[in-house]
Amino acid sequence: MSTYGNCARYGGSETPASPATNVMQVTAYSNTGTLGAGKAAGDYTIQSAYLAFWGDSGLGTVNRNPGGTVDPPEGGTGSTPSSSAPEHSIDNNGRIDMILLTFDRAVSLTGVDVGWSQTDSDITLMAFNSTGVMNDLVGQSYGALQSGWELVGQYSNANNVAVQGVTTDISSRYWLVGAYNPLVGGTSLSAGNDYVKLRAFTATETQKTVPEPSSAWLLAAAIAVGGWASRRNRGAKAIPA
């Protein structure tokens with residue numbers, strides 16, 4: 001996999017797979033503008049970001065910023081964002097980085113494994129919980145995501161445990177996970193100092209099956225059939241010998 005790109009596909013292992021065997025796709029996003037006092041959640045527009053793979057540490061992002069005084073590059077100079085540590089991680093220093101997980105079927109996330117962190121490791125998890133179409137995130141804002149996105153949880157110090165557990169009854173193909181994002185609401189945590197790399201995820205899949213008939217249903221069916229046969233017998237006439 002190339003060091004920088006916007007997305008990568010995984011097919012049942014850590015080796016990127018072709019779209020035909022896609023199990024999970026990861027896509028990097030960030031936002032324009034630097035978070036600051038007096039700004040509303042809708043003031044920050046989501047944009048694509050560079051995705052980076054850092055071996056056993058996991059996935060990181062590098063902002064794709066145009067530069068200039070209005071939207072200066074994060075941690076860099078001129079119009080070039082910095083790809084050095086810790087800016088190469090998924091962070092919320094100035095801008096908020098998040099990764100979109102797209103599965104080829106609906107799953108319920110049960111855990112997030114942070115493989116590396118610096119300073120702090122608070123993370124945010126969201127899910128697209130709708131039967132509608134999930135539109136491209138680019139051009140939207142974290143504070144006003146299209147209808148259908150739901151906050152699953154804000155998790156403090158996710159790298160302090162082997163795997164950050166997730167409890168939810170949501171089953172979805174689309175999950176957003178990244179550095180703590182105060183723009184989407186939920187629990188208030190310290191912002192601006194979370195640097196994480198995402199190493200792995202755990203999930204369960206619920207498959208719908210046709211239930212077997214219960215014994216009570218079978219008994220009722222047997223009684224109904226027996227009653228019909230009994231009525232038929234009482235209505236029959238005897239044939240003389």
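When reading the values below, keep in mind they use all heavy atoms of this one structure, side chains included, and skip hydrogens, waters and symmetry mates.
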Inset, instruction - Treat each ILVMFWY residue as a node, draw an edge where side-chain heavy atoms are under 4.5 Å apart, and state whether Val163 and Val196 are in one component. - result: no

Inset, instruction - For Ser121 and Asn159, test the side chains for any donor-to-acceptor distance below 3.5 angstrom and give the result as yes or no. - result: no

Legend entry - Asn92 side-chain N/O to Asp194 backbone N/O, donor-acceptor pair under 3.5 Å: yes

Inset, instruction - Return the minimal non-hydrogen interatomic distance between Trp175 and Val107, and the atom names on each side. - result: CZ2-O, 3.2 Å

Inset, instruction - Classify the side-chain pair Thr110/Thr202 by whether it contains a donor and acceptor separated by less than 3.5 Å. - result: yes

Inset, instruction - Using the rule that two of Ile, Leu, Val, Met, Phe, Trp, Tyr join whenever any of their side-chain heavy atoms come within less than 4.5 Å, decide whether Leu101 and Tyr155 are in one cluster. - result: yes

Inset, instruction - Check the hydrophobic clustering (I, L, V, M, F, W, Y; side-chain heavy atoms under 4.5 Å; chains of links allowed) and say if Leu109 and Ile90 are grouped together. - result: yes

Legend entry - Backbone of Asp91 reached by a side-chain donor or acceptor of Asp97 within 3.5 Å: yes

Legend entry - Flag side-chain contact, heavy atom, 4.5 Å: Tyr142 against Met98: yes

Side-chain donor-acceptor pairs of residues 123-131 under 3.5 Å, sequence neighbours excluded:
unit_1, atom_1, unit_2, atom_2, d
Thr124, OG1, Gln154, OE1, 2.3
Thr124, OG1, Asn181, N, 2.7
Asn129, ND2, Glu150, OE1, 3.0
Ser130, OG, Gly132, N, 3.0

Legend entry - Separation of Leu176 CG from Ile99 CD1 (nearest 0.5 Å): 10.0 Å

Legend entry - Least distance between heavy atoms, Lys197 atom then Ser89 atom: CG-CB, 4.1 Å

Legend entry - Atom pair CD/CG of Gln146 and Leu137 - distance to nearest 0.5 Å: 7.5 Å

Inset, instruction - Kindly indicate whether the side chain of Ser108, heavy atoms from C-beta on, has any atom under 4.5 Å from the side chain of Thr168. - result: yes

Legend entry - All pairs passing salt bridge (charged side-chain N to carboxylate O under 4.0 Å, His left out) where residues 112-122 contributes a residue, at least two apart: Asp113-Arg199

Legend entry - From Gln25 atom CD to Leu100 atom CG, the distance as rounded to the nearest 0.5 Å: 8.0 Å

Legend entry - Where Arg105 and Glu205 come nearest, the two heavy atoms and their spacing: CD-OE2, 3.0 Å

Legend entry - 4.5 Å side-chain heavy-atom contact, Phe53 and Leu59: yes

Inset, instruction - Measure the spacing between OG of Ser147 and CH2 of Trp149 and express it to the nearest 0.5 Å. - result: 12.0 Å

Legend entry - Closest approach of Ala106 to Arg173 (non-hydrogen atoms, all atoms of both residues): N-CG, 3.6 Å

Legend entry - Hydrophobic cluster identity match, Tyr174 and Val138, side-chain contacts under 4.5 Å: yes

Inset, instruction - Determine, using the 4.5 Å side-chain heavy-atom cutoff (strictly less than), whether Val112 and Leu189 are members of one ILVMFWY cluster. - result: no

Legend entry - Flag, side chain of Asn6 to backbone of Ala28, donor-acceptor distance under 3.5 Å: yes

Inset, instruction - With rounding to the nearest 0.5 Å, note down the distance linking CG in Asp136 to CD1 in Ile46. - result: 9.0 Å

Legend entry - Minimum heavy-atom distance Thr27-Cys7, with the two atoms named: OG1-CB, 3.6 Å

Legend entry - Value rounded to 0.5 Å, distance of OH in Tyr195 from OG1 in Thr119: 6.0 Å

